[in-house]
Amino acid sequence: MMSFLSGLWAILTEPVNFIGWLGFAMMAGAIRMKPKFAWEHTVGVWGLLWLTIGCALGLGWAPKEAMMGEVGRILYVHVPAAWIAMVVFTIAFVSALGYLFSGRLGWDWAVEAACEVGVVLNGLLLVLGSIFAKPTWNTWWTWDPRLTASLVMMLTFIGVILLRGAVRDPNRRATWTGVATIVAYLNIPITYMSVRWWASMHQQQSTPATMNDEMKMVMRMCAWAFLMISIWFIARRWRLAQANAMAEMPEPLEIPKGAR
Amino acid sequence: MNEAVKRRIFALVALAVAAGALGTIAFSDMGEDLVYYWSPTELLARDDAMNHTVRLGGQVEPGTIDWDKEAQTVSFSISDGSASVPVSCKGNPPQMFREGIGVVVEGELQPDGVFHTEKIMVKHSNEYKAPEGTETDPRKLYSTLDQG
């Protein structure tokens with residue numbers, strides 16, 4: 001228990017994590033103070049700033065990897081894409097529960113937004129992983145448990161999006177999407193555990209102890225940047241879903257002139 | 001039944017389906033049938049493996065690498081500590097290939113007792129280090145091969 005608390009304290013006070021805490025504070029401030037621009041632009045710009053700094057440090061300041069050399073630097077975008085894809089799918093999962101228990105369509109728009117952003121991140125993860133694999137493993141692709149699980153994860157959520165497009169009635173569509181999202185979320189623990197459950201080509205998760213300090217810092221910086229940018233995308237996509245829903249609503253009945 | 005109750009039941013059923021499926025995968029011995037590669041011990045223990053395309057994984061046994069740069073072939077042995085299989089590869093080994101590193105090869109064990117392959121894949125561990133004069137102990141690089 002004590003070691004858990006001290007571990008938590010270390011994460012909370014790690015300097016690089018202040019990128020995240022400050023980002024959330026700015027987000028909360030922007031939501032509260034209602035500026036003229038949409039609140040999500042604050043985290044969007046904050047994320048882009050740290051993505052730029054993170055990539056620059058990753059390419060120029062962090063040491064090259066002892067075994068893989070310069071190629072190992074793709075880690076700074078490959079790993080954050082994987083982490084944040086899972087976080088975004090979790091947002092979709094929670095929103096699906098939110099809709100099914102509350103019946104509010106606002107949650108449903110969040111499911112729609114998060115599923116799409118998650119698929120984009122998952123696609124990025126697979127492409128970056130493939131580019132990483134060629135010079136290190138000597139193959140673009142292999143059907144190992146981790147790679148297969150990550151691909152199935154993306155295809156499942158593409159399936160959720162397709163299902164969504166096939167249902168007309170907004171409430172029924174929201175219910176079906178919610179149920180499908182909850183079942184599809186099964187892929188996230190499977191993908192995460194795949195390297196532990198089955199022997200695979202992909203190595204197991206690194207821990208803070210197995211990674212050089214500079215590399216660790218840059219990777220966390222980029223992960224926060226990915227998270228902030230993803231929140232930005234989800235919020236933008238949510239507004240679009242809301243606008244679509246408004247356009248979809250039937251026109252109000254016209255009241256004839258002269259009627260009371 | 002009203003819509004709100006129906007939706008909640010749907011949510012609970014979906015959760016139950018997902019949790020049930022996850023539990024089945026996690027606690028059944030599905031892993032027994034879901035094998036990405038065999039170790040030398042597993043390969044040699046099977047009498048049906050000969051002449052079939054399979055994957056073999058293990059450590060490149062130190063002192064066995066014979067790379068013919070003229071003919072562009074490389075031969076070495078893959079070991080898991082208790083058994084060892086000689087491998088012959090058409091083509092040059094990849095950049096990270098070296099003694100003691102974890103590899104997975106695709107090919108077939110032929111009657112001459114040699115595993116013939118055209119594809120060597122090199123595993124790396126979950127350690128990321130800066131180069132500091134001395135290189136990583138290669139024995140650490142196949143630590144993740146021990147599981148499963």
Side-chain angles (χ1 to χ4, degrees), chain A residues 62-69 71-72 75 93 96-97 99-103 133-139 142-146 148 171 174-176 178-186 189-190 193 195-207 209-216 219, chain B residues 3-4 6-22 25-26 30-31 34-39 55 57 91 93-98 101-104 106 119-136 138 140-141 143-148:
Chain A
K64 64 177 185 181
E65 211 281 325
M67 289 289 296
M68 294 180 280
V71 147
L75 194 74
F93 173 73
L97 285 174
Y99 172 74
L100 290 173
F101 279 95
S102 76
K134 183 59 185 171
T136 55
W137 295 352
N138 191 32
T139 188
T142 179
W143 292 100
D144 101 317
R146 169 51 76 86
T148 309
N171 288 304
T175 304
W176 286 30
V179 169
T181 302
I182 291 170
V183 177
Y185 189 71
L186 170 65
I190 293 177
M193 292 306 287
V195 285
R196 296 165 184 237
W197 284 343
W198 305 298
S200 50
M201 190 67 204
H202 196 285
Q203 70 283 5
Q204 291 194 15
Q205 286 90 357
S206 297
T207 65
T210 62
M211 205 167 178
N212 164 288
D213 284 339
E214 285 85 23
M215 295 181 184
K216 205 157 53 189
M219 203 172 74
Chain B
E3 284 297 319
K6 221 152 103 184
R7 270 199 320 267
R8 281 169 208 178
I9 291 173
F10 279 147
L12 295 174
V13 170
L15 277 174
V17 169
L22 184 66
I25 295 167
M30 212 174 101
L34 207 157
V35 184
Y36 177 65
Y37 59 78
W38 280 328
S39 67
R55 291 192 201 94
Q95 179 192 341
M96 280 173 63
F97 182 84
R98 61 195 70 188
I101 203 165
V103 289
V104 175
E106 269 177 24
K119 188 173 190 182
I120 303 174
M121 294 185 287
V122 178
K123 276 181 73 97
H124 60 84
S125 76
N126 61 354
E127 294 191 1
Y128 298 93
K129 289 183 175 164
E132 280 180 42
T134 54
E135 295 228 312
T136 318
K140 283 188 179 160
L141 296 166
S143 57
T144 55
L145 275 174
D146 296 341
Q147 52 125 19

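Here is the naming used below: chain letters follow the sequence lines, and residue numbers restart at 1 for every chain. Just so it is clear, the model here is predicted, and its values are computed rather than measured.
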Under 4.5 Å from any heavy atom of chain A, what part of [X] do you find: side chain, backbone, both or neither?
X: B:E106; result: side chain
X: B:K119; result: side chain
X: B:A26; result: both

Which answer fits [X], side chain, backbone, both or neither, if we ask what part of it has an atom under 4.5 Å from a heavy atom of chain B?
X: A:M215; result: side chain
X: A:T181; result: neither
X: A:Q205; result: backbone
X: A:Y185; result: neither

Tell me if a side-chain donor or acceptor on [X] pairs with a main-chain N or O of [Y] at a distance below 3.5 Å.
X: A:E65; Y: B:K129; answer: yes
X: A:N138; Y: B:I120; answer: yes
X: A:S206; Y: B:N126; answer: yes

Within 45 degrees of the ring normal and closer than 6.0 Å to the centroid, is that where the cationic atom of B:R7 sits relative to A:F101?
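Pair B:R7/A:F101 does not count as cation-pi.
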Whether the B:Y37 and A:S200 side chains hold a donor-acceptor pair (N or O, under 3.5 Å, no angle test) is what I'd like checked.
no
